[in-house]
Structures are given as structure tokens and as C-alpha cells.
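What follows is a set of notes on a single structure, which appears directly below.
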Amino acid sequence: MAALLSTMKFWKPGTEGPGSSISEDRQSTTETAGTTVVYNPYASLSIEQQRQKLPVFKLRNHILYLIENYQTVVIVGETGCGKSTQIPDRYLAEAGWTAEGKVVGVTQPRRVAAVSVVAGRVAEERGAVLGHEVGYSIRFDDCSDPQATRIKFLTDGMLVREMMADPLLKKYSVLMLDEAHERTLYTDILIGLLKKIQKKRGDLRLIVASATLDAEKFKEFFNRNETNDPINDTCAIMTIQGRTFPVDIFYTLSPVPDYVKATVETVMKIHQNETDGDILAFLTGQEEVERVVAMVIEQARALSRSGMKKHLRVLPMYAGLPYSEQMKVFERVSHNVRKVVVATNIAETSITINGIVFVIDCGFVKLRAYHPETAIESLVVVPVSQASAKQRAGRAGRNRSGKCYRVFTEEDFEKLPSATVPEMQRSNLAPVILQLKALGIDNVLRFSFLSPPPAQSMVQALELLYALGGVDEHCQLTDPLGLRMAEFPLNPMYAKMLLESGKFGCSEEILSVAAMMQIQNVFVTPPNQKAQAAQEHRKFAVSEGDHLTMLNVYEAFIKHEKSSQWCQEHFLNYKGLVRATAVREQLKRLLSKFKLPKTSSEAVGDPDPVLRCIVSGFFGNAAKLHYTGSYRTIRDDHELHIHPTSVLYGEKPPQWVVYNEVIQTSRYYMRDITAVEPSWLLELAPHFYQQGTHLSLSEKRARVS
DNA sequence: GAGCACTGC
């Protein structure tokens with residue numbers, strides 16, 4: 001301990017000068033899974049006073065001038081400097097951009113942001129009705145009126161959906177993409193599509209709200225000036241100063257051998273040396289979070305025994321945590337208690353906790369990566385980007401000036417990548433390509449991506465879509481199969497499975513399976529009740545695998561009248577299951593729209609139709625048991641293992657399985673697995689598999705033997 | 001015998 005402490009004894013303030021202070025807005029929203037708390041620091045001021053405090057207010061004329069004269073305006077400003085509310089609402093609407101039935105649209109990467117902006121706006125304006133003049137539209141919740149709504153907030157994914165019905169987005173006069181610097185998959189899709197639309201719609205104005213770093217990249221992308229004279233620019237950049245609390249940045253003097261231990265020590269050091277203020281620590285995953293929580297609790301006990309008056313309340317925060325546990329991080333604590341929240345990346349953008357004064361940044365993050373050669377996704381721990389580190393630090397300055405302790409050296413910070421690789425470049429592109437094709441982008445390889453994905457990722461996506469029958473040999477979307485697949489808000493394998501379910505006589509069951517597979521963490525396991533939870537979960541498990549197990553859970557949930565009490569008793573994710581019912585409804589509506597037969601295999605009581613139907617979508621993800629005890633993919637003999645969350649984990653392993661996805665962590669793990677018969681693969685995907693023989697086979701075909 | 005960043009349609 002002493003040796004470790006010595007590495008942590010010294011902190012070095014950042015040397016960036018004023019830049020080392022990170023600032024953030026003070027209007028914040030706090031939310032988990034459906035509950036929204038709007039925090040307004042200016043609640044005691046009149047509405048007009050509040051508005052004038054926002055920095056955008058002064059820039060009104062400048063903004064309006066730019067929007068009048070440039071097709072695209074990149075607005076640089078800290079999140080929530082007022083731009084997403086003030087610009088559309090007060091400026092654009094007042095200047096006539098919502099006249100003649102036109103709409104100003106504002107997109108957000110996350111659902112809650114879209115809702116809370118509208119809710120906040122309605123709350124402050126007496127007489128305003130939610131969903132009339134100002135509305136929002138997110139999946140499962142359209143709170144807008146096609147006739148009355150003039151300013152519409154939506155998730156970026158929702159706007160992509162709207163384009164399927166209205167490819168030129170004719171009703172919009174201005175579109176504002178908020179948080180564009182996050183570079184989510186859908187924001188990037190929109191960026192490419194909007195550039196295309198702009199060529200046909202000179203009247204459409206685009207506002208891209210971004211952080212400093214990316215402004216020039218956005219400008220280069222959207223600027224259609226082909227001369228050297230800036231007078232012909234079609235894109236302009238403007239900067240809004242944020243109102244900020246300074247955050248002092250500290251680095252370690254030397255590299256730290258173990259950031260988990262170092263984080264614990266930093267928490268204790270802050271607790272002993274600083275009078276008040278809550279602490280937020282960033283780690284990469286659930287396991288690290290739980291470890292830090294346990295270690296801090298232990299050390300805090302020792303401190304209390306030795307007479308420390310101020311106590312610690314240590315709380316974990318990650319997406320897989322039961323909802324009631326998550327809510328604890330928002331509870332207020334009494335003045336002689338200091339709150340310590342130990343969180344994953346969920347606290348970087350998705351949730352905001354008030355009262356945080358100290359941030360500890362371990363310097364790493366767990367990210368999804370995609371290997372285009374093998375079409376395998378993985379979760380890898382990588383160093384954070386500078387942009388991420390700044391965002392984390394900003395979490396300390398929401399209520400007053402704060403401090404951020406980076407558990408790495410300033411030298412190492414300088415070596416970090418400036419921004420995180422956009423999701424587009426580290427994802428399976430099959431859903432993206434399908435969507436683009438449905439929107440009439442024939443040559444996806446020539447689509448103007450702001451950051452083009454690896455060509456191999458696109459090839460993998462096209463091969464999968466071809467195997468599923470969604471595109472033909474010329475890579476053209478098939479009619480009706482490909483067109484219908486694109487309409488489902490699902491990965492194409494699920495869409496195929498659903499569209500085939502009528503044939504197998506089990507569409508009711510497959511609807512439930514598909515809906516359940518969209519929910520994360522159906523089984524919840526509180527850290528202190530692991531054994532009981534596992535015992536309850538076993539009650540739903542069947543030897544066929546995870547899909548039928550999930551079907552059991554869903555049907556039991558319905559049988560027990562969607563009772564939250566029942567969910568709690570069986571350690572099931574209530575909110576998740578409620579969401580599954582909503583997803584199922586949506587999918588069912590789509591099946592009805594295509595006039596596909598509604599069938600059920602329940603009366604037959606035979607699971608085979610459901611299993612065969614799953615194979616019709618997931619035949620590409622098949623694996624065979626190897627004599628070593630692990631599995632090998634049929635396609636390319638890749639070694640796979642059963643994920644410990646699977647009900648088949650620790651059971652007698654089936655000879656043949658199909659799986660929904662592979663995740664690489666310490667090994668390659670299959671998630672959501674079902675036992676199948678090899679004959680089904682041959683029967684349902686003869687174009688993909690053929691019977692193994694001694695003769696050499698074409699490379700494209702894999703053997704089932 | 002041993003593991004699950006986070007969104008979104």
C-alpha cells in the first residue's frame with residue numbers, strides 16, 4: 001500500500017492555461033429510463049431574464065444573417081449554451097422560418113434530450129400545450145401534430161425514418177443537428193443524406209451544432225464552393241461562448257500501474273482533504289465499478305473507525321444495474337455525507353448528476369470495435385480521446401467550479417487521440433446499407449460519408465444482405481423482401497426471421513422472440529443477491545437455448561398481467577419488459593401492413609417451427625461443437641465460446657447452434673444461442689451451405705458435415 | 001468455470 005501511495009502522492013496541475021479549465025452549461029437534464037428531471041438554475045428569474053442570460057441571445061441577428069445567406073451554418077458552442085432551445089424557438093420562428101406550414105426540426109442523439117427540451121419549453125410558457133406548436137417525435141412516442149407543430153424535436157434515427165416517407169424532407173425549412181460532434185451512427189447517416197438533399201433543395205437550411213474540434217471538418221464537408229473565393233462559400237462557422245464554471249485539471253506526475261487502485265486512493269484523498277462536494281469516478285465496466293465501490297467502502301469504514309466525522313455514500317452506476325439502484329445516485333445526501341458515484345461511460349453523456357464537484361478519470365473507456373475481415377464485433381478497453389476526457393472533466397463544473405483528477409500524466413494526455421473514432425467506422429454496416437438502399441442510394445460505396453467506413457465493412461454488409469435475399473446479385477434492393485426488411489427497426493437478420501415467420505406458422509411467437517432480443521439485461525442480478533437471482537432465472541430456462549427462454553419470460557410476463565411486483569420477485573427487468581411489449585406492438589403493426597399471416601404454434605406445442613424460423617434469419621451465424629469443448633463457426637472455422645449469460649452456459653453443450661452475435665472480450669463469445677439441427681441449415685439456406693463432401697467446394701459455400 | 005461500454009429506429 002505504501003508503495004502505491006507514493007506514486008499517487010503528487011498531483012500536477014494542467015499547464016494548458018485557461019484552456020485547462022473546462023466549462024459546461026448549467027441547464028441540465030437528469031434521466032434514467034423514462035424519468036425526466038429538468039434542472040433550471042435560473043428558476044427564480046423571470047423567463048425574459050433567463051433568456052437574456054443565455055449567451056446566444058446577443059447573437060440573434062448574427063445567426064439570422066448567416067442562416068439567410070449560407071445553406072449550412074456550423075455553430076460551435078458547449079452543450080446547452082442555449083442553442084438548441086433559443087435558436088429554433090425564438091429566432092427562427094420569429095424570423096419567419098416556420099411560416100406557410102414549414103417546420104423547423106431539431107435532432108438529438110438521445111430520446112430523453114428530445115423530450116426534455118420540449119417539456120422544459122412548455123413548462124416555462126404558460127398556455128403552451130405539449131405537442132401543438134412545439135412537439136417531439138421519438139420511437140413509441142409521437143407528441144407532435146402534423147398540422148400545428150412548427151418546431152419539432154426528434155431523435156436523429158427518427159428523422160432518418162421520416163425520410164423513408166418523405167425523401168426530400170419537404171416540410172422542413174431548417175434542420176438543426178444537435179450534438180453532431182458525438183458522431184453517432186444515425187447523425188452520420190443524416191449528415192451524408194442531408195448533403196445530398198441540399199443539392200436538390202436550395203431552400204433547405206442546415207445548422208450543425210458541434211464542439212470546436214470538428215467545425216472545420218463539417219465546413220469542408222458541406223461547403224459547395226468550388227472556387228477559391230470565400231465569397232462563394234455555402235457554409236459558415238460561428239462560435240457561441242459558453243457560460244462556464246472553471247474546472248481545474250490535475251494529472252499524476254508519473255504513470256500509474258493500476259488505475260483501479262489509483263482511483264480508490266484518489267477518492268480517499270479528496271475525501272480527507274476537501275471540505276465538501278460529491279465525487280464522480282469514471283471506469284470502464286461493471287466489474288471495475290463494483291471493485292472500486294467495495295474498496296472505497298472498506299477504506300471509508302476504516303476511516304470512520306479512526307474518528308472521521310464526514311461519511312461516504314458510495315454508489316455504483318452502470319446500465320445493467322437494476323433501475324431502483326440506478327435512481328440512488330440522484331438522491332440527495334445530508335450535509336455530513338459525501339456522495340461518491342462510481343460509473344461507466346453512462347455518466348459521460350447519458351445521465352447528469354447534480355452536485356458533482358470532483359471528477360476522477362481513469363483514462364480508459366470500453367468501446368465497440370468491428371473487425372471487417374471476420375465480421376466480428378468486440379468490446380475493447382482503449383484509452384479515452386481528449387474530447388471524451390474534456391467531456392468527463394466538464395461533469396465537475398455544472399454547479400460551481402470543480403476539479404478533475406486524471407489518473408494519467410499530462411504527457412500521456414497529449415498523446416491521446418483528439419476524438420473518438422466515429423461509430424460508422426467501427427460498426428457492422430448491414431443495417432446502415434439496407435437503410436441507405438431503401439432511401440434510393442444505389443451506389444453505397446460512393447455515398448458521401450463524412451468519415452468513410454472501411455470498404456471491407458461495406459462488402460461484408462452487402463454479402464450478408466445478399467445471403468438474406470435483401471439485395472440481388474447486382475446489389476439492388478429486392479422487392480418486396482429487401483424493401484420490407486428495411487422498414488423494420490431491426491437488424492436485417494431479425495427482419496428476415498420475422499418476415500418468414502408466417503410460413504413457419506409461428507409469427508406470434510417470433511414477434512415475442514424478436515421483441516425480447518431488443519432488450520438488454522432482461523435478467524437482473526443485484527450484486528448482493530446473486531444466488532437468489534440465478535435460482536429465479538433458472539425457472540425460465542429451457543434446454544433449447546436463449547430464444548425460447550426469452551419467449552418463456554415474455555409469455556409469463558403477459559400471463560402475470562405485466563406486474564412489476566412479479567418482475568421484482570423473479571429478478572426481471574420490468575422497464576425492459578414493458579419496452580418489449582411496445583417493440584412487439586410496433587413489429588406486429590408492420591407484419592399486418594405487409595398482410596402477412598398471423599399464426600401461432602402454441603396449440604401444436606412443438607418448438608421446432610420457432611427454432612426453424614430463427615434459423616431462417618440467423619443461418620449465417622451457425623457453429624458446431626468442437627472436440628475441445630468450444631465451438632467453431634461453420635463459415636470460417638473461427639473458435640467461439642458460450643457466453644456466461646447464456647442459459648446454455650454450464651449445461652451439456654448442443655452439437656449445433658445458431659447465435660445472434662459474437663462479442664470479443666477475453667474470448668470470442670456467442671450471445672443469445674439456440675440449439676439447432678444441421679439439416680435445417682441445409683434445408684433453409686441451401687444457397688449458403690451445402691452438404692460436406694470429399695470434393696473441394698466453392699470458397700463461398702461452407703460445409704455442413 | 002467464470003462475464004456483461006452506451007445509444008437509437
Side-chain angles (χ1 to χ4, degrees), chain A residues 31-33 107-114 137-142 154-164 179 182-190 282-291 317-321 343-351 362 364-369 377-382 384 388 391 420 423-424 426-427 431-432 434-435 438-439 485-492 494-495 518-525 527 530 534 573 579 582-583 586-587 590 629-630 641-646 649-651 653 661 663-672:
Chain A
E31 179 289 333
T32 46
T107 73
Q108 301 277 347
R110 282 169 295 279
R111 295 160 54 89
V112 270
S137 178
I138 61 176
R139 188 182 182 188
F140 306 129
D141 192 4
D142 183 0
L154 16 58
T155 46
D156 39 23
M158 207 63 197
L159 190 62
V160 174
R161 285 281 148 186
E162 282 194 6
M163 287 182 71
M164 292 181 74
E179 316 283 3
E182 286 188 25
R183 305 293 307 276
T184 66
L185 200 58
Y186 278 109
T187 308
D188 270 21
I189 293 172
L190 270 183
F282 285 98
L283 289 143
T284 70
Q286 175 179 339
E287 200 221 320
E288 280 175 13
V289 166
E290 295 293 355
R291 256 166 67 207
M317 181 73 206
Y318 47 86
L321 204 64
T344 62
N345 232 23
I346 193 171
E348 195 178 303
T349 48
S350 301
I351 63 150
C362 78
F364 289 88
V365 63
K366 201 177 280 188
L367 279 184
R368 189 190 0 244
E377 287 183 335
S378 60
L379 283 175
V380 282
V381 174
V382 292
V384 286
S388 242
Q391 174 75 18
T420 309
E423 217 182 341
M424 184 69 81
R426 48 187 176 87
S427 297
V432 176
L434 184 65
Q435 198 93 57
L439 289 167
M485 279 167 64
E487 283 217 45
F488 280 95
L490 298 172
N491 277 330
Y494 288 106
Q518 312 309 310
I519 311 304
Q520 277 91 53
N521 311 306
V522 172
F523 291 145
V524 291
T525 308
K530 280 186 183 160
N573 175 356
R579 191 177 161 82
V583 174
Q586 190 187 29
L587 301 178
L590 280 163
S630 62
H641 299 265
I642 294 180
H643 196 277
T645 53
S646 170
Y649 187 81
E651 300 295 318
E661 58 176 353
I663 280 290
Q664 181 198 5
T665 49
S666 55
R667 288 162 138 186
Y668 289 92
Y669 285 108
M670 299 176 279
R671 283 213 291 216
D672 297 322

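Keep in mind that the numbers below use all heavy atoms, side chains included, and drop hydrogens, waters and symmetry copies. Chain letters run A, B, ... following the sequence lines, proteins first and then strands; every chain starts at 1.
The side chain of Pro644(A) lies closest to dG3(B), out of dC9(B), dG3(B), dA5(B). The side chain of Ser350(A) lies closest to dC6(B), out of dC9(B), dA5(B), dC6(B). You'll find that the side chain of Gln518(A) is closest to dC9(B), out of dG3(B), dT7(B), dC9(B).
Residue Tyr318(A) places none of its side-chain N or O atoms closer than 4.0 Å to OP1 or OP2 of dA5(B). At the phosphate of dC9(B), OP1 or OP2 sits under 4.0 Å from a side-chain N or O atom of Thr155(A). Thr344(A) has a side-chain polar atom (N or O) that falls below the 4.0 Å cut-off from OP1 or OP2 of dC6(B).
With rounding to whole Å, Gln108(A) atom CD is found 11 Å from dG8(B) atom P. The separation between Glu162(A) atom CD and dG8(B) atom C1' is 15 Å, rounded to whole Å. If you measure from atom CD of Glu487(A) to atom P of dC9(B), you get 16 Å, rounded to the nearest angstrom. Rounded to an integer number of Å, the gap from CG of Leu439(A) to P of dC9(B) is 16 Å. For the pair Met164(A) CE and dG8(B) P, the computed distance is 20 Å after rounding to whole Å. Separating the CE atom of Met317(A) from the C1' atom of dC6(B) is a distance of 11 Å, rounded to the nearest angstrom. The CZ atom of Arg368(A) sits 12 Å away from the P atom of dC6(B) (whole-angstrom rounding). Distance, Leu490(A) CG to dC9(B) P: 13 Å, rounded to whole Å.
Residues Arg667(A) and Ile138(A) each lie close to DNA chain B; by heavy-atom proximity, the contact nearer the 5' end of the strand is made by Arg667(A). Remark on DNA chain B: of its neighbouring residues Arg579(A) and Arg671(A), the 5'-side contact belongs to Arg671(A), judged by nearest-heavy-atom nucleotide.
Nucleic acid contact for Arg110(A): sugar-phosphate only, since backbone atoms but no base atoms lie under 4.0 Å from a heavy atom of the residue. Heavy atoms of Thr645(A) sit under 4.0 angstrom from at least one base atom. Within the 4.0 angstrom heavy-atom criterion, only backbone atoms of the sugar-phosphate kind lie near Arg111(A); the bases stay farther away. Backbone-only contact: Ser666(A) has heavy atoms under 4.0 Å from sugar-phosphate atoms and none from a base. Within 4.0 Å (heavy atoms only), Gln520(A) reaches at least one base atom of the nucleic acid.
Heavy atoms only, all atoms of each residue included: Val380(A) and Ala369(A) are closest at CG2-CB, 4.1 Å. Residues Leu590(A) and Glu487(A) approach most closely at CD1-O, 3.8 Å, considering heavy atoms. Heavy atoms only, all atoms of each residue included: Gln391(A) and Glu348(A) are closest at NE2-O, 3.0 Å. Between Pro489(A) and Arg161(A), the shortest heavy-atom contact is CA-NH2, 3.6 Å.
Side-chain polar atoms of Thr187(A) and Glu179(A) form no donor-acceptor pair below 3.5 angstrom.
Counting heavy atoms from C-beta outward, Val432(A) and Ser427(A) have side chains that stay 4.5 Å or more apart.
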